[in-house]
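In what follows, a single structure is set out as C-alpha coordinates and then discussed.
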Amino acid sequence: MSKAAELAALIGSQTALSNRNLIINGAMQVAQRGTSTSSVTGNGYHACDRWKFDTTDESTLTISQATDVPSGKGFANSFKMDVTVAESSVASDDQTFLNHRIEGQNLQQLKKGTSSAESVTVSFYVKSTKTGTFCLELEDKDNSRHISKQYSVSASDTWEFKTITFDGDTTGTLDNDNGESLRLKFWLVAGSDFTSGTLATSWASITNANAAVGQVNAFDSTSNNWLITGIQLEVGEQATPFEHRSFADELIKCQRYFELIGYALGRAVSTTQAEVNSAFKVDKRAAPTITLKETSSAIAEFLRSAANITSLDSTYNSQTTHCGNRLTSSDTGMNSGELVSVIKPDSLAADAEL
Amino acid sequence: MEELNITSAKYVRGLSGELVSVMIVVDGETMGVPMDPANRHYAEIQRQVEAGDLTIADADD
(Lines give C-alpha, C1' and ligand atoms only; values in the text may rest on other atoms or scores of the structure.)
Protein backbone atom coordinates (compact mmCIF):
# COMPACT_ATOMS: atom_id res chain seq x y z
CA MET A 1 0.00 0.00 0.00
CA SER A 2 1.34 3.44 -0.85
CA LYS A 3 2.06 5.97 1.86
CA ALA A 4 -0.90 8.05 0.65
CA ALA A 5 -3.22 5.06 0.81
CA GLU A 6 -1.95 4.16 4.26
CA LEU A 7 -2.60 7.70 5.43
CA ALA A 8 -6.09 7.80 3.92
CA ALA A 9 -6.94 4.47 5.53
CA LEU A 10 -5.59 5.62 8.86
CA ILE A 11 -7.41 8.92 8.85
CA GLY A 12 -10.60 7.39 7.55
CA SER A 13 -10.54 4.78 10.24
CA GLN A 14 -10.56 7.06 13.21
CA THR A 15 -11.37 10.68 12.61
CA ALA A 16 -12.24 13.47 10.23
CA LEU A 17 -10.00 14.54 7.39
CA SER A 18 -10.14 18.18 8.45
CA ASN A 19 -10.64 20.00 11.72
CA ARG A 20 -9.22 16.99 13.52
CA ASN A 21 -6.73 19.02 15.53
CA LEU A 22 -8.49 20.15 18.70
CA ILE A 23 -5.61 22.51 19.48
CA ILE A 24 -5.78 26.14 18.35
CA ASN A 25 -2.49 27.69 17.20
CA GLY A 26 -0.57 24.43 17.52
CA ALA A 27 1.94 25.67 14.95
CA MET A 28 2.48 28.88 16.96
CA GLN A 29 1.69 31.09 13.97
CA VAL A 30 -0.37 33.71 15.81
CA ALA A 31 1.15 36.07 18.39
CA GLN A 32 -1.26 38.97 18.87
CA ARG A 33 0.24 39.99 22.22
CA GLY A 34 3.68 40.48 20.67
CA THR A 35 6.42 38.12 19.67
CA SER A 36 8.50 38.31 22.83
CA THR A 37 8.09 39.02 26.53
CA SER A 38 11.11 39.27 28.80
CA SER A 39 11.38 38.98 32.58
CA VAL A 40 8.44 36.60 32.88
CA THR A 41 8.05 35.44 36.47
CA GLY A 42 4.33 34.84 36.75
CA ASN A 43 1.27 33.35 35.12
CA GLY A 44 -0.07 34.62 31.86
CA TYR A 45 -0.49 34.41 28.13
CA HIS A 46 2.75 35.43 26.44
CA ALA A 47 3.81 35.46 22.78
CA CYS A 48 1.86 32.75 20.95
CA ASP A 49 -1.92 32.92 21.34
CA ARG A 50 -3.88 30.35 23.34
CA TRP A 51 -0.86 29.03 25.23
CA LYS A 52 -0.86 29.92 28.93
CA PHE A 53 2.21 29.73 31.09
CA ASP A 54 1.56 28.95 34.75
CA THR A 55 4.33 28.97 37.29
CA THR A 56 5.05 29.12 40.97
CA ASP A 57 8.81 28.58 40.82
CA GLU A 58 11.55 31.19 41.15
CA SER A 59 12.81 31.18 37.58
CA THR A 60 12.69 34.11 35.19
CA LEU A 61 12.13 33.58 31.48
CA THR A 62 12.03 35.26 28.14
CA ILE A 63 9.09 33.80 26.25
CA SER A 64 8.93 34.30 22.51
CA GLN A 65 7.51 33.22 19.19
CA ALA A 66 10.68 31.78 17.66
CA THR A 67 11.66 30.82 14.13
CA ASP A 68 13.70 27.83 15.32
CA VAL A 69 11.66 24.90 13.95
CA PRO A 70 12.12 21.23 13.08
CA SER A 71 13.64 20.96 9.61
CA GLY A 72 11.48 19.98 6.69
CA LYS A 73 8.16 19.71 8.55
CA GLY A 74 6.51 22.84 7.23
CA PHE A 75 6.56 24.88 10.40
CA ALA A 76 7.62 28.53 10.53
CA ASN A 77 7.32 29.18 14.28
CA SER A 78 7.76 27.64 17.66
CA PHE A 79 7.04 28.65 21.26
CA LYS A 80 10.32 29.29 23.06
CA MET A 81 11.16 29.62 26.74
CA ASP A 82 14.64 30.94 27.48
CA VAL A 83 15.73 30.71 31.13
CA THR A 84 17.35 33.96 32.29
CA VAL A 85 17.21 33.25 36.03
CA ALA A 86 17.39 29.57 36.95
CA GLU A 87 15.21 27.62 39.39
CA SER A 88 18.00 26.13 41.45
CA SER A 89 15.98 24.76 44.36
CA VAL A 90 12.55 23.37 43.57
CA ALA A 91 10.10 23.81 46.44
CA SER A 92 7.70 21.00 47.27
CA ASP A 93 4.69 22.96 46.01
CA ASP A 94 6.26 24.29 42.81
CA GLN A 95 4.28 23.65 39.67
CA THR A 96 5.21 25.08 36.29
CA PHE A 97 3.73 24.11 32.97
CA LEU A 98 2.65 25.35 29.57
CA ASN A 99 -1.03 24.65 29.10
CA HIS A 100 -3.83 24.77 26.56
CA ARG A 101 -7.45 25.10 27.68
CA ILE A 102 -10.36 23.79 25.61
CA GLU A 103 -14.07 24.54 25.80
CA GLY A 104 -16.38 21.63 26.58
CA GLN A 105 -18.61 22.31 23.59
CA ASN A 106 -15.63 21.60 21.32
CA LEU A 107 -14.98 18.22 22.93
CA GLN A 108 -18.28 16.41 22.74
CA GLN A 109 -16.89 14.07 20.06
CA LEU A 110 -14.65 12.53 22.74
CA LYS A 111 -17.82 10.97 24.21
CA LYS A 112 -16.16 11.22 27.58
CA GLY A 113 -18.11 9.69 30.41
CA THR A 114 -19.79 7.11 28.18
CA SER A 115 -19.04 3.51 27.34
CA SER A 116 -17.95 4.73 23.89
CA ALA A 117 -15.34 7.17 25.23
CA GLU A 118 -12.64 7.85 22.64
CA SER A 119 -8.90 7.68 23.08
CA VAL A 120 -7.00 10.80 22.10
CA THR A 121 -3.47 11.20 20.80
CA VAL A 122 -1.18 14.17 21.31
CA SER A 123 1.74 14.71 18.96
CA PHE A 124 4.32 17.49 18.99
CA TYR A 125 7.90 18.50 18.26
CA VAL A 126 10.00 19.50 21.24
CA LYS A 127 13.56 20.82 21.60
CA SER A 128 14.99 21.05 25.08
CA THR A 129 18.39 21.76 26.49
CA LYS A 130 17.46 19.63 29.48
CA THR A 131 17.20 15.94 28.67
CA GLY A 132 15.35 13.25 30.59
CA THR A 133 11.76 12.56 31.61
CA PHE A 134 8.98 15.08 31.07
CA CYS A 135 5.26 14.72 31.85
CA LEU A 136 2.21 15.53 29.78
CA GLU A 137 -1.08 15.64 31.68
CA LEU A 138 -4.71 15.89 30.63
CA GLU A 139 -7.03 17.42 33.21
CA ASP A 140 -10.81 17.11 33.09
CA LYS A 141 -11.86 20.38 34.76
CA ASP A 142 -15.54 19.45 34.92
CA ASN A 143 -15.03 16.29 36.96
CA SER A 144 -11.64 16.89 38.62
CA ARG A 145 -10.05 13.91 36.91
CA HIS A 146 -6.68 13.50 35.22
CA ILE A 147 -4.37 11.21 33.32
CA SER A 148 -0.64 11.70 32.81
CA LYS A 149 2.06 10.16 30.63
CA GLN A 150 5.80 10.55 30.42
CA TYR A 151 7.92 11.30 27.41
CA SER A 152 11.69 11.41 27.16
CA VAL A 153 13.94 14.06 25.65
CA SER A 154 16.94 12.05 24.48
CA ALA A 155 19.27 14.62 22.95
CA SER A 156 19.96 18.13 24.18
CA ASP A 157 18.92 21.04 21.95
CA THR A 158 17.65 18.74 19.23
CA TRP A 159 14.16 18.67 17.72
CA GLU A 160 12.39 15.40 18.59
CA PHE A 161 8.93 14.20 17.59
CA LYS A 162 6.73 12.76 20.34
CA THR A 163 3.37 11.04 20.25
CA ILE A 164 1.38 10.07 23.31
CA THR A 165 -2.00 8.33 23.43
CA PHE A 166 -4.43 8.68 26.33
CA ASP A 167 -7.21 6.18 26.87
CA GLY A 168 -10.81 7.29 26.72
CA ASP A 169 -12.49 7.96 30.05
CA THR A 170 -15.84 6.26 30.68
CA THR A 171 -16.38 8.37 33.80
CA GLY A 172 -17.37 12.02 33.89
CA THR A 173 -19.07 13.73 30.94
CA LEU A 174 -17.76 17.06 29.73
CA ASP A 175 -20.10 20.05 29.95
CA ASN A 176 -21.47 21.14 26.60
CA ASP A 177 -20.78 24.82 27.15
CA ASN A 178 -18.22 27.62 26.74
CA GLY A 179 -16.36 26.83 29.95
CA GLU A 180 -13.03 25.08 30.27
CA SER A 181 -13.44 21.31 30.24
CA LEU A 182 -10.03 20.01 29.27
CA ARG A 183 -6.53 21.28 30.05
CA LEU A 184 -3.42 19.95 28.32
CA LYS A 185 -0.38 20.50 30.55
CA PHE A 186 3.24 20.27 29.45
CA TRP A 187 5.06 20.04 32.78
CA LEU A 188 8.40 21.85 33.12
CA VAL A 189 9.07 22.05 36.85
CA ALA A 190 7.36 19.99 39.55
CA GLY A 191 7.90 19.89 43.29
CA SER A 192 7.48 16.79 45.38
CA ASP A 193 3.80 17.58 45.97
CA PHE A 194 3.33 16.61 42.32
CA THR A 195 5.96 13.88 41.94
CA SER A 196 5.86 11.79 45.11
CA GLY A 197 3.11 9.38 44.09
CA THR A 198 2.54 6.95 41.24
CA LEU A 199 1.97 8.50 37.84
CA ALA A 200 -1.73 8.50 36.91
CA THR A 201 -1.39 6.64 33.64
CA SER A 202 -5.10 5.79 33.75
CA TRP A 203 -7.92 8.27 34.29
CA ALA A 204 -8.54 8.89 37.98
CA SER A 205 -9.72 11.55 40.39
CA ILE A 206 -7.04 14.22 40.63
CA THR A 207 -4.28 13.38 43.07
CA ASN A 208 -1.57 16.02 42.92
CA ALA A 209 1.19 13.58 43.86
CA ASN A 210 0.40 11.49 40.77
CA ALA A 211 0.48 14.33 38.24
CA ALA A 212 4.13 14.70 37.24
CA VAL A 213 6.12 11.78 38.62
CA GLY A 214 9.65 11.76 37.21
CA GLN A 215 9.51 15.28 35.82
CA VAL A 216 12.96 16.88 35.44
CA ASN A 217 13.62 20.51 36.33
CA ALA A 218 13.69 22.08 32.86
CA PHE A 219 14.69 25.45 34.25
CA ASP A 220 17.70 24.52 36.39
CA SER A 221 20.22 26.53 34.37
CA THR A 222 20.34 29.83 32.52
CA SER A 223 21.71 27.82 29.60
CA ASN A 224 18.37 26.09 29.22
CA ASN A 225 15.84 26.64 26.46
CA TRP A 226 12.61 24.74 25.85
CA LEU A 227 10.84 24.99 22.50
CA ILE A 228 7.72 23.33 21.15
CA THR A 229 5.61 23.38 17.98
CA GLY A 230 3.35 21.26 15.83
CA ILE A 231 1.07 20.33 18.70
CA GLN A 232 -1.90 18.24 17.67
CA LEU A 233 -4.61 16.67 19.84
CA GLU A 234 -6.87 14.34 17.92
CA VAL A 235 -9.35 11.57 18.45
CA GLY A 236 -7.91 8.09 18.05
CA GLU A 237 -4.90 6.03 18.94
CA GLN A 238 -2.58 7.14 16.17
CA ALA A 239 -1.01 10.47 15.38
CA THR A 240 -1.73 11.69 11.88
CA PRO A 241 0.36 14.33 10.09
CA PHE A 242 -0.04 17.81 11.54
CA GLU A 243 -3.08 19.61 10.18
CA HIS A 244 -1.61 22.86 8.87
CA ARG A 245 -4.13 25.67 8.77
CA SER A 246 -3.84 29.05 7.08
CA PHE A 247 -2.76 32.02 9.18
CA ALA A 248 -6.15 33.64 8.59
CA ASP A 249 -8.04 30.59 9.83
CA GLU A 250 -5.84 30.28 12.90
CA LEU A 251 -6.14 34.00 13.68
CA ILE A 252 -9.94 33.83 13.58
CA LYS A 253 -9.89 30.87 15.95
CA CYS A 254 -7.60 32.76 18.31
CA GLN A 255 -9.74 35.89 18.20
CA ARG A 256 -12.60 34.06 19.88
CA TYR A 257 -10.38 34.35 22.97
CA PHE A 258 -8.30 37.48 22.41
CA GLU A 259 -8.55 40.36 19.96
CA LEU A 260 -6.78 43.65 19.48
CA ILE A 261 -9.11 46.54 18.74
CA GLY A 262 -8.01 49.29 16.38
CA TYR A 263 -11.21 51.19 15.76
CA ALA A 264 -13.89 52.70 17.94
CA LEU A 265 -16.52 55.36 17.42
CA GLY A 266 -18.35 57.50 19.94
CA ARG A 267 -18.71 60.96 21.40
CA ALA A 268 -16.94 63.31 23.73
CA VAL A 269 -18.49 63.53 27.19
CA SER A 270 -16.18 66.26 28.53
CA THR A 271 -13.21 68.30 27.40
CA THR A 272 -10.89 65.32 27.98
CA GLN A 273 -13.07 62.21 27.94
CA ALA A 274 -14.88 60.24 25.27
CA GLU A 275 -17.18 57.20 25.29
CA VAL A 276 -16.47 54.97 22.33
CA ASN A 277 -17.87 51.65 21.12
CA SER A 278 -16.25 48.86 19.13
CA ALA A 279 -17.64 45.80 17.38
CA PHE A 280 -15.43 42.74 17.59
CA LYS A 281 -14.24 41.02 14.43
CA VAL A 282 -15.06 37.65 16.01
CA ASP A 283 -17.67 36.89 18.67
CA LYS A 284 -15.98 36.21 21.98
CA ARG A 285 -16.24 33.07 24.10
CA ALA A 286 -17.54 35.21 26.99
CA ALA A 287 -17.81 38.91 27.77
CA PRO A 288 -14.15 39.99 27.55
CA THR A 289 -11.91 41.97 29.84
CA ILE A 290 -10.81 45.25 28.25
CA THR A 291 -7.34 46.76 28.62
CA LEU A 292 -5.59 49.72 27.06
CA LYS A 293 -2.61 48.54 25.04
CA GLU A 294 -1.39 51.47 22.99
CA THR A 295 -1.28 55.05 24.24
CA SER A 296 0.63 56.66 21.39
CA SER A 297 -1.46 58.92 19.15
CA ALA A 298 -4.34 56.55 19.55
CA ILE A 299 -7.27 58.88 19.55
CA ALA A 300 -8.32 61.15 16.73
CA GLU A 301 -11.37 63.31 16.67
CA PHE A 302 -13.26 64.28 13.58
CA LEU A 303 -12.25 67.84 12.66
CA ARG A 304 -9.37 67.77 15.16
CA SER A 305 -5.78 66.68 15.15
CA ALA A 306 -4.72 63.38 16.66
CA ALA A 307 -4.19 63.04 20.40
CA ASN A 308 -3.17 60.30 22.78
CA ILE A 309 -5.30 58.08 24.96
CA THR A 310 -3.96 58.50 28.47
CA SER A 311 -6.19 56.06 30.35
CA LEU A 312 -9.01 53.55 30.24
CA ASP A 313 -11.46 55.03 32.76
CA SER A 314 -14.31 52.58 32.62
CA THR A 315 -15.77 49.73 30.64
CA TYR A 316 -19.48 50.50 30.67
CA ASN A 317 -20.37 47.70 28.30
CA SER A 318 -18.67 44.42 27.44
CA GLN A 319 -20.56 41.78 25.52
CA THR A 320 -19.45 38.85 23.37
CA THR A 321 -20.01 40.97 20.26
CA HIS A 322 -18.95 44.49 21.23
CA CYS A 323 -17.69 46.76 23.98
CA GLY A 324 -18.03 50.35 25.16
CA ASN A 325 -15.35 52.24 27.04
CA ARG A 326 -14.74 55.66 28.50
CA LEU A 327 -11.27 56.91 27.64
CA THR A 328 -9.31 60.00 28.64
CA SER A 329 -7.45 61.85 25.92
CA SER A 330 -4.46 64.16 26.08
CA ASP A 331 -6.60 66.53 24.05
CA THR A 332 -8.15 68.99 26.50
CA GLY A 333 -10.30 70.84 23.99
CA MET A 334 -13.05 68.42 23.13
CA ASN A 335 -16.66 69.57 23.18
CA SER A 336 -19.29 67.36 24.77
CA GLY A 337 -21.34 65.57 22.15
CA GLU A 338 -18.66 65.91 19.52
CA LEU A 339 -18.10 62.83 17.36
CA VAL A 340 -14.90 60.97 18.29
CA SER A 341 -13.12 58.10 16.59
CA VAL A 342 -10.22 55.97 17.73
CA ILE A 343 -8.31 54.83 14.69
CA LYS A 344 -5.04 53.53 16.08
CA PRO A 345 -4.39 49.81 15.48
CA ASP A 346 -4.13 47.68 18.58
CA SER A 347 -5.16 50.43 20.98
CA LEU A 348 -7.40 48.21 23.12
CA ALA A 349 -7.44 44.49 23.84
CA ALA A 350 -10.42 42.22 24.52
CA ASP A 351 -9.51 39.11 26.52
CA ALA A 352 -11.94 36.19 26.87
CA GLU A 353 -9.34 33.48 27.42
CA LEU A 354 -10.16 30.46 29.53
CA MET B 1 -3.30 29.71 39.69
CA GLU B 2 -4.79 32.93 38.31
CA GLU B 3 -4.28 34.82 41.58
CA LEU B 4 -4.37 38.37 40.26
CA ASN B 5 -2.52 40.94 42.35
CA ILE B 6 -5.44 43.40 42.47
CA THR B 7 -4.53 46.71 44.10
CA SER B 8 -7.84 48.47 43.54
CA ALA B 9 -11.34 47.58 42.40
CA LYS B 10 -14.41 49.69 41.69
CA TYR B 11 -17.85 48.93 40.25
CA VAL B 12 -18.99 50.60 37.03
CA ARG B 13 -22.57 51.32 36.05
CA GLY B 14 -23.86 50.78 32.53
CA LEU B 15 -25.81 53.30 30.52
CA SER B 16 -29.03 52.17 32.21
CA GLY B 17 -27.58 52.58 35.67
CA GLU B 18 -27.11 48.93 36.55
CA LEU B 19 -23.78 47.53 37.73
CA VAL B 20 -22.07 45.98 34.71
CA SER B 21 -18.35 45.74 35.33
CA VAL B 22 -15.48 46.14 37.77
CA MET B 23 -12.47 48.30 37.00
CA ILE B 24 -9.41 46.75 38.59
CA VAL B 25 -5.73 47.62 38.67
CA VAL B 26 -3.34 44.66 38.41
CA ASP B 27 0.39 45.28 38.51
CA GLY B 28 -0.26 48.87 37.45
CA GLU B 29 -2.49 47.96 34.52
CA THR B 30 -6.15 49.02 34.46
CA MET B 31 -8.59 46.34 33.35
CA GLY B 32 -12.31 46.61 32.67
CA VAL B 33 -13.83 43.32 33.80
CA PRO B 34 -17.47 42.55 32.89
CA MET B 35 -19.58 40.85 35.55
CA ASP B 36 -19.76 37.61 33.57
CA PRO B 37 -19.04 34.45 35.60
CA ALA B 38 -17.48 32.92 32.47
CA ASN B 39 -14.85 35.67 32.43
CA ARG B 40 -11.79 34.30 34.21
CA HIS B 41 -10.85 37.66 35.71
CA TYR B 42 -14.33 38.15 37.16
CA ALA B 43 -14.23 34.61 38.55
CA GLU B 44 -11.00 35.52 40.32
CA ILE B 45 -12.49 38.79 41.62
CA GLN B 46 -15.41 36.83 43.05
CA ARG B 47 -13.01 34.34 44.65
CA GLN B 48 -11.01 37.10 46.31
CA VAL B 49 -14.15 38.87 47.54
CA GLU B 50 -15.54 35.66 49.00
CA ALA B 51 -12.19 34.98 50.68
CA GLY B 52 -12.28 38.43 52.24
CA ASP B 53 -9.16 39.51 50.36
CA LEU B 54 -10.78 42.15 48.18
CA THR B 55 -13.33 44.90 48.64
CA ILE B 56 -14.90 46.51 45.60
CA ALA B 57 -15.59 50.23 45.90
CA ASP B 58 -19.03 51.56 45.04
CA ALA B 59 -19.67 52.89 41.57
CA ASP B 60 -19.95 56.59 40.93
CA ASP B 61 -23.53 57.83 40.91
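Numbers restart at 1 for each chain; the letters A, B, ... are given by sequence-line order, proteins then strands. None of these values were measured; they are calculated from a predicted model.
Contacts between A:Arg326 and chain B at a heavy-atom distance below 4.5 Å are absent for every atom of the residue. Looking at B:Met23, only its side chain comes within 4.5 Å of chain A, counting heavy atoms on both sides. Contact of B:Val33 with chain A is made through backbone and side chain together, with heavy-atom distances under 4.5 Å.
In this structure, B:Asn39 CG and A:Ser318 OG are separated by 7.5 Å, a value rounded to the nearest 0.5 Å. Summarising the geometry, atom CZ belonging to B:Arg13 is positioned 12.5 Å from atom OG belonging to A:Ser314; distances are rounded to the nearest 0.5 Å.
Counting only heavy atoms from C-beta outward, the side chains of B:Arg40 and A:Asp351 approach each other to under 4.5 Å. In this structure the side chain of A:Ile290 never reaches within 4.5 angstrom of the side chain of B:Met31, judged on heavy atoms. Side-chain contact check for B:His41 versus A:Glu353: every heavy-atom pair is 4.5 Å or farther apart. Side-chain contact check for A:Thr315 versus B:Val12: every heavy-atom pair is 4.5 Å or farther apart.
No more than 12 heavy atoms of other residues, nucleotides or ligands lie within 6.0 Å of CG in B:Asp58, so this atom counts as exposed by the packing criterion. Other residues, nucleotides and ligands contribute only 12 or fewer heavy atoms inside 6.0 Å of the CD atom of A:Glu58.
Looking only at distances, no side-chain donor or acceptor of B:Asp36 sits under 3.5 Å from a matching main-chain atom of A:Ala286.
Between chain B and the residues A:Cys323, A:Pro288, A:Ala349, the largest count of heavy-atom pairs under 4.5 Å involves A:Pro288. Of the listed residues (A:Asn178, A:Leu312, A:Asn325, A:Asn317), the greatest number of heavy-atom pairs within a distance under 4.5 Å of chain B belongs to A:Leu312.
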